[in-house]
Amino acid sequence: QVQLAESGGGVVQAGDSLRLSCSDSARTLSIQTMAWFRQVPGKEREFVAAMWWSGSNSYYSDSVKGRFTISKDNAKNLVLLQMNNLQPDDTAVYYCAADTRQLWTRNRVHYGYWGPGTQVTVSS
């Protein structure tokens, strides 16, 4: 059973950087796709970035492209989200998502596993 947990959230100022981590504490080897989503109160959970566990395929939402980078640490079984030049509009709860299939979708309904989320707050 996949068990995801995010870490690395916090409060930063505009222009700062943060790195989020997501681990599968159960060390399930069946994960094929991992992604990051974010949500603010009253809005839909929106896609941020995703990648396949095998290979280097990754893609981003237009709002974060060029500022955020999704990557993996195979040795530690982590997925990372490096967030640079953060802006107040990036303030949200960030969720790690995963699935046992190789997905190429921004639609959250296709991801079968989710972490509890970590808060990122960017002040101006």
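These figures come from a predicted structure and were not determined experimentally.
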Measuring from atom [atom1] of [X] to atom [atom2] of [Y], what distance do you get when rounded to the nearest 0.5 angstrom?
X: Met83; Y: Thr69; atom1: CE; atom2: OG1; result: 11.0 Å
X: Asp99; Y: Trp114; atom1: CG; atom2: CH2; result: 10.5 Å
X: Ser17; Y: Leu86; atom1: OG; atom2: CG; result: 6.5 Å
X: Asp90; Y: Asn84; atom1: CG; atom2: CG; result: 10.5 Å
X: Leu78; Y: Ser71; atom1: CG; atom2: OG; result: 9.5 Å
X: Ser23; Y: Gln3; atom1: OG; atom2: CD; result: 10.0 Å

Do the side chain of [X] and the main chain of [Y] share a donor and acceptor less than 3.5 angstrom apart?
X: Asp16; Y: Gln13; answer: yes
X: Arg106; Y: Tyr60; answer: yes
X: Ser58; Y: Ile70; answer: no
X: Thr33; Y: Arg101; answer: yes
X: Tyr59; Y: Thr105; answer: yes
X: Ser123; Y: Val12; answer: yes
X: Gln87; Y: Asn85; answer: yes

Grab the two heavy atoms, one from [X] and one from [Y], that are nearest each other, plus how far apart they are.
X: Val40; Y: Ala92; answer: CG1-CB, 3.7 Å
X: Tyr95; Y: Gly115; answer: CD2-O, 3.5 Å
X: Pro116; Y: Ala5; answer: CD-CA, 4.3 Å
X: Gly117; Y: Val93; answer: CA-CG1, 3.8 Å
X: Leu81; Y: Ala49; answer: CD1-CB, 4.3 Å
X: Leu103; Y: His110; answer: CD1-O, 3.6 Å

Is there a side-chain contact between [X] and [Y] (heavy atoms, below 4.5 Å)?
X: Tyr113; Y: Asp24; answer: no
X: Ser61; Y: Glu46; answer: no
X: Trp36; Y: Val64; answer: no
X: Lys72; Y: Met51; answer: yes
X: Met34; Y: Cys96; answer: yes
X: Leu80; Y: Leu20; answer: no
X: Gln119; Y: Thr91; answer: yes
X: Thr118; Y: Arg38; answer: no

Polar contact flag, side-chain donor to acceptor under 3.5 angstrom, Gln102-Ser54: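 Yes, side-chain donor-acceptor contact under 3.5 Å.
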Intermediate values then yes/no, ring-ring contact (aromatic ring centres under 6.0 Å, His included), Phe37 and Phe47: CA-CA 4 Å; Phe37 287 74; Phe47 172 81; 5.6 Å; yes
Phe68 and Tyr94 aromatic ring geometry - parallel, tilted or perpendicular at 30°/60° bounds: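 Tyr94 and Phe68: tilted rings.
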Aromatic plane relationship, Trp52 with Trp104 - under 30° parallel, 30 to 60° tilted, over 60° perpendicular: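 If you compare the ring of Trp104 with that of Trp52, the planes turn out perpendicular.
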Salt bridge present between Arg108 and Glu44 (N-O < 4.0 angstrom):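 Result for this pair is yes, salt bridge flagged.
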